[in-house]
Amino acid sequence: MTHRSRTKSSAGAAPGAPLVAKTTMGASTLPDDAALLAAQLSRWFAGAARDLPWRHDRTPYRVWLSEVMLQQTRVAVVVDYFARFTARFPDVGALAAASEDDVLGLWSGLGYYSRGRNLHKAARVVVDEHGGRFPSTRDGLRALPGVGDYTSAAIASLAFGESAAVVDGNVHRVLMRLCADDTAIDTPAGQRATTARATALVTATSSPATVNEGLMELGALVCAPRAPSCGACPWRRSCRAHDAGAPEDYPVKARRPARRALRVAAVVLVDEAGHLWLERRASRGLFGGLWEPPGTVVPDDAGDAAATAATTEATTEAWRGLLVARGLTAPSTWPPAVVVQRTLTHRDLRFDVVVVPLPADAARALRPLDSGELDGRWLARGALGAVGTSTAVRAVLEAALGPPGSPRLL
DNA sequence: AAGTCGGGGCG
DNA sequence: CGCCCAGACTT
């Protein structure tokens, strides 16, 4: 049922039809001359390209910043973040001079926060080891933190004119459809197949940057994941998936990551001035480097994070533990939990939250857990932007305290 | 080669 | 409610 029907050309093929000539061509072969395809694509791109902020002034810094932001992230979301980053950090030196908290504060809400941490690291590498200038080759760029196969090719091509082929989700989709190739793209074989085809295209043109951007733009505007606009495609007559009438059968993906439940008990500690106690998460892993109220994972016996509406004993015990571990006294009875649920790609998050107002002396005595790395600080609600916070934590605070600016408490 | 890492918009 | 998005990194 979840399988989409796949049209096989062999079913209706008449005896003696020239099937052999087609199927004996190598799987990585393009259906038409590479130079011709590249020219058609470039012509289309010249007339169809969107006016995007990072296409204006193609410095390596702006190309790099935009490409990192665009990893697994839609263009519409990136536009505003790109504007804020370039305004606050006009060049790589400004970014390197900032603190990681500053960078993550501006990155908050964009997701995949290792990108933000690596962005900051890479800026410092560029300044400290390359005199403030980006490496000008793909291999040099590839050595920067957070710059992988795709991003190194993108910067090398778009900012330096190198004929390196970019392979992202758009390119996979466009080229697997063009060739009606059912090799799974999330495998080394699929990666090799698309890279070979894209390389053939950028090698056959004098403007590899245009072909690279054209491939991605075609995937974004015409060769969409669902309901592609084949009538507007410059490659319509060459496209084998279109021939078969089944463009949406491609690309094939092998992996289906399962979503696991994660239940968290958290305490929102508020002092008499209305400041919040936040602690910094470890640098690696989920929400790495971001700040949040003290919390801990609660084993969910049911296996279903949404099963229990009422506060469980495991949750109140977790709340008590969070307070005691920080030298605070836990109340004998608890109010009902404020429950916040968020769905990520690979997680079902459920927060059971309680607000704990602290008298001045208790607030002063509060210290982060002395496990070493765990940092903690009091922060005004309106100063949250000074550090990185996840959208989940912002939702937790809003649910527990009310909308920012009109504190329900104090 | 498989697992991990956000968040939101869309059909 | 499942899928996808200008992927990279770890194990």
Side-chain angles (χ1 to χ4, degrees), chain A residues 1-2 4 49-50 52-55 63-82 104 107-119 121-122 141-155 157-158 165-174 184-191 194-195 198 209 212-221 223-228 248 250-260 262 281-290 306 342-349 388-395:
Chain A
M1 173 168 310
T2 61
R4 290 170 297 189
R50 290 168 292 181
L52 299 173
W54 44 88
R55 288 179 174 164
V63 173
W64 164 67
L65 178 62
S66 63
E67 293 299 343
V68 172
M69 286 182 168
L70 285 162
Q71 293 167 8
Q72 295 292 287
T73 308
R74 284 166 297 115
V75 165
V77 177
V78 169
V79 170
D80 290 337
Y81 281 87
F82 183 79
L104 290 179
W107 194 275
S108 294
L110 198 51
Y112 284 146
Y113 296 94
S114 65
R115 293 185 297 168
R117 297 194 308 272
N118 284 331
L119 189 83
K121 281 186 200 167
L141 292 160
R142 180 71 176 74
L144 296 173
V147 178
D149 288 338
Y150 163 78
T151 306
S152 60
I155 305 171
S157 162
L158 303 183
V166 304
V167 175
D168 73 335
N170 289 307
V171 177
H172 274 302
R173 187 170 58 254
V174 167
I185 60 174
D186 51 354
T187 63
Q191 191 72 27
T194 299
T195 301
N212 277 332
E213 275 212 292
L215 277 168
M216 294 190 283
E217 198 78 340
L218 189 66
L221 299 182
C223 197
R226 282 166 299 187
E248 294 190 67
Y250 307 91
V252 172
K253 294 192 178 183
R255 285 188 271 176
R256 303 279 158 81
R259 188 142 55 216
R260 292 174 296 149
L262 188 65
R281 293 177 64 88
S283 292
R284 311 172 61 139
L286 189 65
F287 301 132
L290 303 191
R342 308 283 300 184
T343 302
L344 311 180
T345 298
H346 54 291
R347 297 277 197 182
D348 275 321
L349 300 181
T389 51
S390 67
T391 300
V393 158
R394 294 187 180 199

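Convention: sequence-line order gives letters A, B, ...; per-chain numbering from 1.
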key: Phosphate-side-chain proximity, A:Lys253 and B:dA2, N/O vs OP1/OP2 below 4.0 Å   = no
message = When the P atoms of C:dA6 and B:dC10 are compared, how many Å lie between them, rounded to an integer?
response = 13 Å
message = How would you summarise protein contacts on nucleotides 4-11 of chain B per nucleotide, using B for base, S for sugar-phosphate only and - for none, with heavy-atom distances below 4.0 Å?
response = SBBBBSBS
query = Just how far, in rounded Å, is P of C:dA6 from CD of A:Glu217?
reply = 10 Å
inquiry  = Students often get this wrong, so: under 4.0 angstrom with heavy atoms, is A:Trp107 touching a base, only sugar-phosphate, or nothing?
reply    = nothing
request  = Quick one: pull up CG in A:Leu158 and CH2 in A:Trp54 and give me the separation to the nearest 0.5 Å.
outcome  = 12.0 Å
task = Compare the minimum distances between each of C:dA6, C:dT11, C:dG2 and the side chain of A:Arg173, then state the nucleotide with the smallest one.
result = C:dA6
ask   = Mind checking the P distance from B:dG8 to C:dA8? Whole angstroms is fine.
value = 22 Å
task = Would you mind classifying the nucleic acid contact of A:Val166 as base, sugar-phosphate or nothing, using non-hydrogen atoms under 4.0 angstrom?
result = nothing
query = Which nucleotide in the set C:dA6, C:dC5, C:dC9 lies at the smallest distance from any side-chain heavy atom of A:Asn118?
reply = C:dC9
query = How far apart are the closest heavy atoms of A:Ala198 and A:Val171, and which atoms are they?
reply = CB-CG1, 4.2 Å
query = Taking the side chain as C-beta and beyond, is there a heavy-atom pair between A:Phe287 and A:Tyr113 under 4.5 Å?
reply = yes
query = Considering only C:dA6, C:dG2, C:dT11, which nucleotide approaches the side chain of A:Asn170 most closely?
reply = C:dA6
task = Answer with base, sugar-phosphate or nothing: what part of the nucleic acid does A:Leu52 contact at a heavy-atom distance below 4.0 Å?
result = base
ask   = Is it true that A:Arg259 and A:Asp348 make a salt bridge, defined as a side-chain N closer than 4.0 Å to a carboxylate O?
value = yes
Protein-nucleotide distance (A:Ile185, atom CD1; B:dA1, atom C1'), rounded to Å = 16 Å
remark   = Output for pair (A:Ile155 CD1, A:Arg142 CZ), nearest 0.5 Å, gives 11.5 Å
task = Grab the CH2-P distance between A:Trp64 and C:dA8 for me, whole Å please.
result = 14 Å
remark   = Here the gap from A:Asn212 atom CG to A:Asn170 atom CG, rounded to the nearest 0.5 Å, amounts to 12.0 Å
ask   = For A:Leu65 and C:dA6, what is the distance between atoms CG and C1' respectively, to the nearest whole Å?
value = 13 Å
task = Give the C-alpha distance, both sets of side-chain angles, the deciding distance and a yes or no for side-chain hydrogen bond (donor to acceptor under 3.5 Å, both in side chains) between A:Thr73 and A:Arg115.
result = CA-CA 11 Å; A:Thr73 308; A:Arg115 293 185 297 168; 3.1 Å; yes
key: Whole-Å distance separating the OH atom of A:Tyr81 from the P atom of C:dA6   = 17 Å
ask   = Within the structure shown, what part of the strands sits under 4.0 Å from A:Thr151 by heavy-atom distance: base, sugar-phosphate, or nothing?
value = sugar-phosphate
inquiry  = Need one value for A:Asp149: base, sugar-phosphate or nothing, where a base atom within 4.0 Å counts as base even if backbone is also close, heavy atoms only.
reply    = sugar-phosphate
task = Measure from CZ on A:Arg259 to P on B:dG3 and round the result to the nearest Å.
result = 16 Å
message = Distance check needed: C:dG7 C1' versus A:Ile155 CD1, whole Å only.
response = 13 Å
ask   = Distance only, no hydrogens: is a donor on one side chain within 3.5 Å (strictly under) of an acceptor on the other, for A:Glu67 and A:Tyr150?
value = yes
ask   = Should the pair A:Arg50-A:Glu217 be classified as a salt bridge under the 4.0 Å nitrogen-to-oxygen rule?
value = yes
ask   = Could you write out DNA chain B as a dot-bracket string, with dots for unpaired bases, | for bases paired across to another strand, and Watson-Crick or G-U pairs counted at under 3.5 Å?
value = |||||.|||||
ask   = How many Å lie between CZ on A:Arg284 and P on B:dG3, as a whole number?
value = 18 Å
ask   = Mind checking whether A:Asn118 and A:Val68 have side chains closer than 4.5 Å, heavy atoms only?
value = no
Integer angstrom distance from the C1' of C:dT10 to that of B:dG7 = 22 Å
